[in-house]
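Notes follow the structure.
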Amino acid sequence: MTDPILVTGGTGRLGRRLVPRLLAAGHAVRVLSRKPPRDEMTHRGDLITGEGLEDAVAETGTIIHCATGNGHADQDATRSLVRAAMRTGRPHLIYVSIVGIDRVDISYYRAKLACERLLEESGLPLTIQRTTQFHELIAWMCAIQRRLPVIMMPAGISFQPVDTGEVAARLTDLAEAPPAGRAPDMGGPEVRAAADLARAYAHTRSSHRPVVPVPLPGIGGMRGFREGSHLAPDHADGQITFEQFLTA
């Protein structure tokens, strides 16, 4: 029996796909939660306060850090996790990050980059897996506009959405391998204009609302997106397209 794998963010979009895959591969899994345990797999711990975190981390061989927040909260959570890991042993820490966080100047990306640096400076066995945006993000961008007569998307910007199930498969492979430092980026199968993705979304939902590309000049970080700094065309490892995700 191998040491347990602790998953933070185990109930999130990625975590919900990752935990069953790890179990199917024969791993013992712990899911970190701030709420009281609902089963033997759930371990209570708070990434911000650190309460219960050392007990959750104890005797784990690998931690897959999927939990994410905003700004300083993300950094505080990662710092707490590092401290707990260093006090209880030297587990292999796998961090899920985003392609282009060192080239796109928005606050969320800056926070993710700061988390990467915290992990690198910790000296823990480490693997950082950057991915492009998830299919769910593109669908959410369209869904939140459901009451509008049109779907607005940023002009001149493309995305390369990837399926969370395929990312979960990659993370499972990394958990079974030695620490890799910075793993190769992972992207979806297609680079497509944001407006084109929105039209696909509307089509699968039998919506006839027009898609309107909206210029966003001068808004922080848009230059990096327009330049494609968040894309990984040389690592189009995913196979599930946005349409396949929508119809599934």
Side-chain angles (χ1 to χ4, degrees), residues 5 7-27 29 31 62-69 94-101 104 108-109 112 115-116 127-146 151 153-154 157-177 180 182-207 211 225 228-248:
I5 296 175
V7 179
T8 74
T11 59
R13 289 173 180 168
L14 177 57
R16 289 196 300 267
R17 306 293 298 277
L18 174 61
V19 170
R21 188 171 288 272
L22 291 170
L23 291 170
H27 296 286
V29 178
V31 176
T62 302
I63 300 171
I64 305 181
H65 188 22
C66 300
T68 188
I94 300 173
Y95 182 57
V96 185
S97 193
I98 307 171
V99 171
I101 58 172
V104 178
Y108 183 62
Y109 280 25
K112 297 293 283 187
C115 290
E116 284 191 7
T127 300
I128 294 173
Q129 178 63 70
R130 292 183 179 181
T131 77
T132 54
Q133 285 69 34
F134 296 159
H135 289 311
E136 288 88 345
L137 175 64
I138 309 302
W140 173 82
M141 292 171 65
C142 299
I144 60 171
Q145 302 183 62
R146 59 186 175 275
I151 301 177
M153 295 296 273
I157 293 177
S158 295
F159 292 104
Q160 188 183 352
V162 65
D163 187 74
T164 51
E166 293 181 312
V167 175
R170 169 70 64 87
L171 295 173
T172 301
D173 290 342
L174 292 174
E176 296 169 348
R182 171 81 181 276
D185 291 344
M186 181 177 186
E190 300 174 321
V191 175
R192 295 171 60 180
D196 183 40
L197 292 167
R199 293 186 187 99
Y201 175 89
H203 177 73
T204 60
R205 278 147 181 77
S206 300
S207 171
V211 174
F225 283 121
S229 298
H230 60 303
L231 305 175
D234 294 334
H235 296 280
D237 303 318
Q239 299 182 9
I240 297 174
T241 66
F242 187 56
E243 279 88 352
Q244 290 170 330
F245 159 78
L246 291 171
T247 56

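We're numbering straight along the sequence, starting at 1. Because the structure is a prediction, the values reported are computed rather than measured.
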**Under the ring pair (Phe, Tyr, Trp, His ring centres under 6.0 Å) test, residues paired with F245 that sit two or more places apart** = H135
**Asked** Would you say Q145's side chain and C142's backbone share a donor-acceptor pair under 3.5 angstrom?
**Response** no
**Prompt:** Does any non-hydrogen side-chain atom of Y108 lie less than 4.5 Å from one of T68?
**Reply:** yes
**Prompt:** Between SG of C66 and CZ of R17, what distance do you get to the nearest 0.5 Å?
**Reply:** 12.5 Å
**Prompt:** With sequence neighbours excluded, what pairs up with E166 under the salt bridge (charged side-chain N to carboxylate O under 4.0 Å, His left out) test?
**Reply:** none
**Asked** Can F159 and L137 be said to form a side-chain contact (heavy atoms from CB on, under 4.5 Å), step by step?
**Response** CA-CA 10 Å; F159 292 104; L137 175 64; 5.6 Å; no
**Request:** Could you tell me the separation between the CD1 atom of I101 and the OG atom of S229, rounded to the nearest 0.5 Å?
**Result:** 12.5 Å
**Asked** Looking at I5, I64, T62, which hits side-chain contact (heavy atoms from CB on, under 4.5 Å) with L171?
**Response** I64
**Item:** Of all pairs that satisfy salt bridge (charged side-chain N to carboxylate O under 4.0 Å, His left out), the ones with a partner from residues 187-202, not counting sequence neighbours
**Value:** E190-R192, R192-D196, R192-E243
**Asked** At their closest point, which heavy atom of V99 faces which heavy atom of T132, and how far apart are they?
**Response** CG2-N, 3.8 Å
**Prompt:** Nearest heavy-atom pair of F242 and A200: which atoms, and what distance?
**Reply:** CD2-CB, 4.2 Å
**Asked** If you measure only the distance, is there a donor-acceptor pair under 3.5 Å linking the side chains of S207 and Y201?
**Response** no
**Item:** Approximate separation, where rounding is to 0.5 Å, of T164 OG1 and R21 CZ
**Value:** 10.0 Å
**Complete:** Output for pair (I151 CD1, M153 CE), nearest 0.5 Å, gives 8.0 Å
**Item:** Atom pair CD (Q160) and CG (D185), whose distance is rounded to the nearest 0.5 Å
**Value:** 9.5 Å
**Message:** Test of understanding: with side-chain hydrogen bond (donor to acceptor under 3.5 Å, both in side chains), list the residues that count as partners of S97, not counting sequence neighbours.
**Reply:** E116
**Fill in**
Exactly one candidate in L174, I63, V7 meets side-chain contact (heavy atoms from CB on, under 4.5 Å) with I94; the answer is L174
**Message:** Do I240 and P189 have side chains that approach each other closer than 4.5 Å (heavy atoms only, starting at C-beta)?
**Reply:** no
**Item:** Considering all heavy atoms, the nearest Y95-C115 contact
**Value:** OH-CB, 3.2 Å
**Request:** Decide yes or no for Q133 and I98: does some side-chain heavy atom of the first lie under 4.5 Å from some side-chain heavy atom of the second?
**Result:** yes
**Asked** Which atom names give the shortest non-hydrogen contact between L14 and A168, and what distance separates them?
**Response** CD1-N, 4.0 Å
**Prompt:** side-chain hydrogen bond (donor to acceptor under 3.5 Å, both in side chains) with T172: which residues, sequence neighbours excluded?
**Reply:** none
**Request:** Considering non-hydrogen atoms only, spot the tightest contact between G188 and V162 and give its length.
**Result:** N-CB, 3.6 Å
**Message:** For a side-chain contact (heavy atoms from CB on, under 4.5 Å) check, start with the C-alpha distance between H65 and V96, then their side-chain angles and the critical distance, and finish with the verdict.
**Reply:** CA-CA 6 Å; H65 188 22; V96 185; over 6 Å; no
**Request:** Could you walk me through whether L246 and R205 pass side-chain contact (heavy atoms from CB on, under 4.5 Å), step by step?
**Result:** CA-CA 9 Å; L246 291 171; R205 278 147 181 77; 3.6 Å; yes
**Complete:** On a heavy-atom basis, the closest approach of M141 and I144 is O-CG1, 3.5 Å
**Message:** Tell me which pairs pass side-chain hydrogen bond (donor to acceptor under 3.5 Å, both in side chains) where either residue lies in residues 230-240, with sequence neighbours left out.
**Reply:** R170-D237
